Amino acid sequence: MAKRPIEPFRIKVTEPISLPSREERDKCINEAGYNVFRIKAKDIFVDLLTDSGTGAMSQKQWAGIMIGDESYAGGRNWFHFERTIKDIFQKNFVLPCHQGRVAENIFFSTVLRKGDYVPNNTHFDTTRANTMHKGGIAVDLPCAELDDEKSDFPFKGNFDTDGLRALIEKVGPDSIPVVIITLTNNSAGGLPVSMANIAEVRQICDQYGLLLFFDAARFAENAYFIKKYEAGFENSTIREIAQRMGAYADGVMMSAKKDGLANMGGFLAVNDEKLAGRLKELLILIEGFPTYGGLNGRDLEAIAIGLEEALEEDYLAYRTGQIRYFGEILQEVGCPIITPTGGHAIFIDAGRFLPHIEPVRFPGQSLTVELYRRGGIRGVEIGSLMFGGVDPNTGDVLSPKREMVRLAVPRRMYTCSHLEYVADIMAEVVRDKDKLCGYEIIHEPTFLRHFTCTMKELAGKPAGVVSER
Ligand SMILES: Cc1ncc(COP(=O)(O)O)c(C=O)c1O
C-alpha cells in the first residue's frame, strides 16, 4: 500500500467544485471538439491540466498582496522581487515579465538568427514554439537513461552531453546562440537534472564559448531532488543548492507560475550588462517599464515571497511525496506511468496503455478524453498531438518518441483524497481500455496546435461503458 504524505499546511479558504453529470460531461467534451483546453473550468471536477499558475497562495503571499505598490516606476515590491531573484539565482540583472513565454520571446528575439540551433535537454512546448517562430531549430538532447524503462536513475532529466558535443561539432558553435537546460525537465517526465550534469554542460559551453541559460520554472523541485539523490548535497540547504545551480548559468528564464508559487509572472535574469540592456529595450516595448514588466506591484510581492517559500524543505518533501504517492496509486490500479516520478506531474505511458491506437490517432488524446468523460478529470496529451504535425520552418513531419498523458498537480491545492478519486476513475478506464478509439484533427493552427485544434472521434463506439457517477 502506498504511503500518503501529509500536507504541511491547513486549509483556511475553500473553493467549491462539483462533478457534472455524465450526460453534461459528454455534451461538454463534444462541444469542445474533443479538446479539453476548450472545456469551461466550471465543468471540470479535478483539474490536472497544468501546475502552472494554478496553485494556492499562502497567507503570507496574500498579506503581501495588500502591500502592493502600484507606482509606475520604482515601486517597493520591485526591489524585493529583484533582491530575491539576484540572491537565489546569483545574477546581476533582473527583468520582470508577465509569464515565462514572454521571457522566451524577448530572449529569442534578441539572440536568435534564422537557421540557428538551440539545444535543450528537452524543450517545453512554448520554448520550442518561440524558437521556431524566430526561425530557429529546436534540438532535444535528453540523456539515454530516459528511454530505459527499467532504469530507476533519479536524474533522467539530464542533458545528453555527448549529443551536445556532437551537435556543436556538426553545426559549429557560431550557429548555436545558447544552450538551454530545463529544470526540471518538464516534457521528459518532470525529472531532475543533476548538479554534475549541469557542471558538465557548463564546461562544454566554456570550451566552445557558448551561452548557457536555464529554463528554471521548477528549479526548487530540481534542487530538492539533488539534495535527496546526489552525493555531496545531503547537508546543503535547498537555497545553497539553488544558488550553486544558478551560478553555473549565464542567465535564467523563468515562469514564476510554477516554483514562484504565484498565479502569474515570470522573469529573465542575466549576468551580462550589455545583454541585459538589449533585452530591456524589447521588454519596455512589449511588456512595460523594467520595474514592473507587465505585472502588478502586488504580483511582484507574491512572487518574491513564493520563491522563498518554494525553498522550504518540508514543503518540497510534501510536494514531491504527493507526486510519488499519486504515481504509486495509479500503478496499483494497472496504469503504466513513467518512472521514477518527477516533481510536478505523473506522465502516463499512453502508447503502452493503448497499443491498439496508432500514434497518428493520438492514444494520449483518447485517454485524456476518457478521463474527462468518466470522472470530470482534465489532464493533457503530451505526444503526437502536442509535438507532432509538420514543422512550419522545415516541412519535416515531427513524431515524438512517446505518447503520454500528463496529470499535473497544482501546488498546495488538491489533497490526497482528490488524487485517490483520480486513481478510482483510472481503475475503471483500465478495465475498459480496449474499447477506447482514436481521433483525427479537423482544424489546427500553425503553432501550438494542441491548445485550440478541434478533433473528431474515429470509428466504432465512443469508448467505454457509461459510469454510474
Ligand atoms: C519548462 C517550462 N518552460 C516554460 C513554460 C512557459 O511558462 P508560461 O506558461 O508562464 O508562459 C512552462 C509552462 O508550463 C514550462 O513548464
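Keep in mind it's a predicted model, so treat the numbers as computed, not measured. We count ligands from 1, going down the list as the structure has it; atoms in each ligand are counted the same way.
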Original post:
How does Thr182 reach ligand 1, if at all, at less than 4.0 Å between non-hydrogen atoms: by side chain, backbone, both, or neither?
Top reply: side chain
**OP:** Identify, for atom 4 (C) of ligand 1, the protein heavy atom at the shortest distance, and state residue, atom and that distance.
**Re:** Glu104 OE2, 3.1 Å
Original post:
Does the side chain of Glu221 pick up a donor-acceptor pair with the side chain of Thr320 at under 3.5 Å?
Top reply: no
Subject >> Shortest protein heavy-atom distance from atom 1 (C) of ligand 1, along with the residue and atom involved >> reply: Asp215 OD2, 3.4 Å
Subject >> For Gln99, the ligand 1 atoms whose distance to one of its heavy atoms is below 4.0 Å >> reply: 8 (P), 9 (O), 10 (O), 11 (O)
Subject >> Heavy atoms of other groups near Tyr414 OH, more than 12 under 6.0 Å >> reply: yes
**OP:** Considering only NZ, NE, NH1 and NH2 on the basic side and carboxylate oxygens on the acidic side, decide whether Lys40 and Asp43 come within less than 4.0 Å.
**Re:** no
Original post:
When only distance counts, is Gly265 in polar contact with ligand 1, meaning an N/O pair under 3.5 Å?
Top reply: no
**OP:** Report yes or no: does a heavy atom of Gly266 sit under 4.0 Å from some atom of ligand 1?
**Re:** no
Subject >> Cationic N near anionic O, under 4.0 Å, Glu7 to Arg412 >> reply: no
Subject >> Protein heavy atom at shortest distance from atom 13 (C) of ligand 1 >> reply: Lys258 NZ, 2.4 Å
Original post:
So between Cys97, Ser52, Ser255, Gly53, whose heavy atom ends up nearest atom 7 (O) of ligand 1?
Top reply: Ser255
**OP:** Would you mind listing which atoms of ligand 1 come within a distance below 4.0 Å of any non-hydrogen atom of Gly100?
**Re:** 7 (O), 8 (P), 10 (O), 11 (O)
Subject >> Sidechain N-carboxylate O distance under 4.0 Å for Arg352, Glu149 >> reply: yes
Original post:
At a 4.0 Å threshold, what atoms of ligand 1 neighbour a non-hydrogen atom of Arg101?
Top reply: 7 (O), 8 (P), 9 (O), 11 (O)
Subject >> Met253 to ligand 1, any heavy atom closer than 4.0 Å >> reply: no
Original post:
Got an N/O contact under 3.5 Å between Thr126 and ligand 1?
Top reply: no
**OP:** Dump the intermediate steps for ring-ring contact (aromatic ring centres under 6.0 Å, His included) on Phe225 and Phe155, then the final yes or no.
**Re:** CA-CA 8 Å; Phe225 283 118; Phe155 295 107; 7.8 Å; no
**OP:** Measure up the Phe289 and Tyr72 rings against each other and bin them: parallel (under 30°), tilted (30 to 60°), perpendicular (over 60°).
**Re:** tilted
Subject >> Arg218: numbered ligand 1 atoms lying under 4.0 Å from its heavy atoms >> reply: 1 (C), 15 (C), 16 (O)
**OP:** Classify the contact between Lys257 and ligand 1 as side chain, backbone, both or neither, using a heavy-atom distance cut-off of under 4.0 Å.
**Re:** side chain
Original post:
Starting from atom 5 (C) of ligand 1, which protein heavy atom do you reach first, and at what distance in Å?
Top reply: Phe124 CD2, 3.5 Å
**OP:** Determine, for Tyr224 and Arg319, whether the Lys NZ or Arg CZ falls below 6.0 Å from the six-membered ring centre while staying within 45 degrees of the axis.
**Re:** no
Original post:
Do we see a donor-acceptor contact under 3.5 Å between the side chains of Gln90 and Tyr248?
Top reply: no
**OP:** Step by step, work out the ring-ring contact (aromatic ring centres under 6.0 Å, His included) result for Phe89 and Phe219.
**Re:** CA-CA 10 Å; Phe89 296 98; Phe219 77 99; 4.8 Å; yes
